Amino acid sequence: ITSIALHNEHLRGLMLETNGYEVKTEGDAFMIAFEFTEDAAKWCMQTQMLLLALEWPDSLLELEVARPAPRTDGGCLWRGVRVRMGIHAGWPLCQTDPTTGRMDYFGPVVNKAARVSGCGRG
């Protein structure tokens with residue numbers, strides 16, 4: 001299984017557990033909607049912890065950007081794939097995508113959420 005497939009499988013699994021709705025993906029990025037901000041925060045925290053614990057392929061962990069980064073207390077700051085995350089709350093404009101039949105979100109709230117997410121490092 002590839003690193004991106006491992007990433008996607010586990011992020012989607014946690015999405016279901018935290019009541020997330022996958023609006024769309026662009027490359028390796030997810031746009032996810034949650035009814036409650038607390039669920040979004042829970043998904044972000046659980047995802048970061050999961051990514052830290054996943055059994056990544058050795059070939060990935062050999063790359064400088066994916067090598068485990070030790071903490072001073074003996075733990076690990078990151079290992080494997082790192083992801084940026086951002087949370088923004090508000091009411092988007094909603095429209096059914098004519099191709100997929102799934103709900104899509106637009107407007108200033110979505111634009112702001114993208115900017116918030118872009119501020120992260122990962």
Side-chain angles (χ1 to χ4, degrees):
I1 186 166
T2 65
S3 296
I4 192 69
L6 195 60
H7 164 276
N8 291 351
E9 174 187 336
H10 288 282
L11 269 61
R12 285 186 172 117
L14 279 176
M15 199 181 313
L16 294 173
E17 291 177 24
T18 53
N19 304 309
Y21 173 75
E22 183 177 333
V23 178
K24 62 178 121 184
T25 59
E26 292 180 16
D28 62 352
F30 285 86
M31 178 180 173
I32 306 168
F34 294 88
E35 183 177 3
F36 301 106
T37 308
E38 294 83 2
D39 287 339
K42 184 177 177 182
W43 181 82
C44 287
M45 291 299 297
Q46 288 182 351
T47 295
Q48 292 293 352
M49 297 305 292
L50 175 76
L51 292 173
L52 186 62
L54 272 178
E55 291 299 322
W56 296 106
D58 290 338
S59 59
L60 175 74
L61 296 176
E62 291 169 2
L63 300 173
E64 184 176 344
V65 297
R67 281 189 201 126
R71 293 188 328 217
T72 56
D73 65 2
C76 197
L77 189 58
W78 71 75
R79 66 180 290 284
V81 171
R82 294 185 283 167
V83 298
R84 296 178 302 181
M85 297 181 167
I87 299 172
H88 181 65
W91 298 102
L93 304 173
C94 304
Q95 184 176 9
T96 303
D97 183 294
T99 303
T100 65
R102 294 178 54 84
M103 188 58 63
D104 200 356
Y105 300 141
F106 302 92
V109 169
V110 173
N111 295 336
K112 179 75 167 202
R115 288 193 301 275
V116 168
S117 182
C119 290
R121 291 184 49 138

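Remember, predicted model here, so these are calculated numbers, not experimental data.
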**OP:** List the steps and the verdict of side chain to side chain contact (heavy atoms under 4.5 Å, CB included) for T25 and M31.
**Re:** CA-CA 6 Å; T25 59; M31 178 180 173; over 6 Å; no
Using a 3.5 Å cut-off and no angle test, enumerate the donor-acceptor pairs between side-chain atoms of residues 103-111 and protein atoms at least two apart in sequence or in another chain.
unit_1 : atom_1 : unit_2 : atom_2 : d
D104   : OD1    : K24    : NZ     : 3.3
D104   : OD2    : K24    : NZ     : 3.4
N111   : ND2    : G107   : O      : 3.4

Original post:
What residue pairs, at least two apart or across chains, pass salt bridge (Lys or Arg N to Asp or Glu O under 4.0 Å) with a residue in residues 28-41?
Top reply: none
**OP:** Quick one: which residue pairs count as a salt bridge (Lys or Arg N to Asp or Glu O under 4.0 Å) with a foot in residues 41-58, not counting sequence neighbours?
**Re:** none
Looking only at non-hydrogen atoms, find the nearest pair between [X] and [Y] and report the distance.
X   : Y   : answer
H7  : V81 : CD2-CG1, 4.0 Å
W56 : L51 : NE1-O, 2.9 Å
T37 : A89 : OG1-CB, 3.9 Å
L6  : P57 : CD2-CD, 4.4 Å
V83 : Q48 : O-NE2, 3.3 Å

**OP:** Keeping the roles fixed (side chain from S117, backbone from A113), state whether a donor-acceptor pair exists under 3.5 Å.
**Re:** no
Applying side chain to side chain donor-acceptor pair (under 3.5 Å), name anything that partners [X], two or more places apart in sequence or on another chain.
X    : answer
K112 : none
Q95  : none
D73  : R71

What pairs with [X] under side chain to side chain contact (heavy atoms under 4.5 Å, CB included), at least two apart in sequence or on another chain?
X    : answer
T100 : D97, R102
N8   : I4, R12, F30
A40  : F34, I87

Subject >> I32 reachable from L14 in the ILVMFWY side-chain graph, under 4.5 Å edges >> reply: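 Same cluster: L14 reaches I32 through Ile, Leu, Val, Met, Phe, Trp or Tyr contacts under 4.5 Å.
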Original post:
To the nearest 0.5 Å, what is the distance between CE (M45) and CE (M85)?
Top reply: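 Output value for this atom pair is 9.5 Å.
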**OP:** Hydrophobic side-chain clustering at under 4.5 Å (ILVMFWY, transitive links): who's grouped with L77? Put none if nobody.
**Re:** W78
What side-chain donor-acceptor pairs closer than 3.5 Å can you find for residues 61-68, not counting sequence neighbours?
unit_1 : atom_1 : unit_2 : atom_2 : d
R67    : NE     : E62    : O      : 3.4
R67    : NH2    : E62    : O      : 3.2

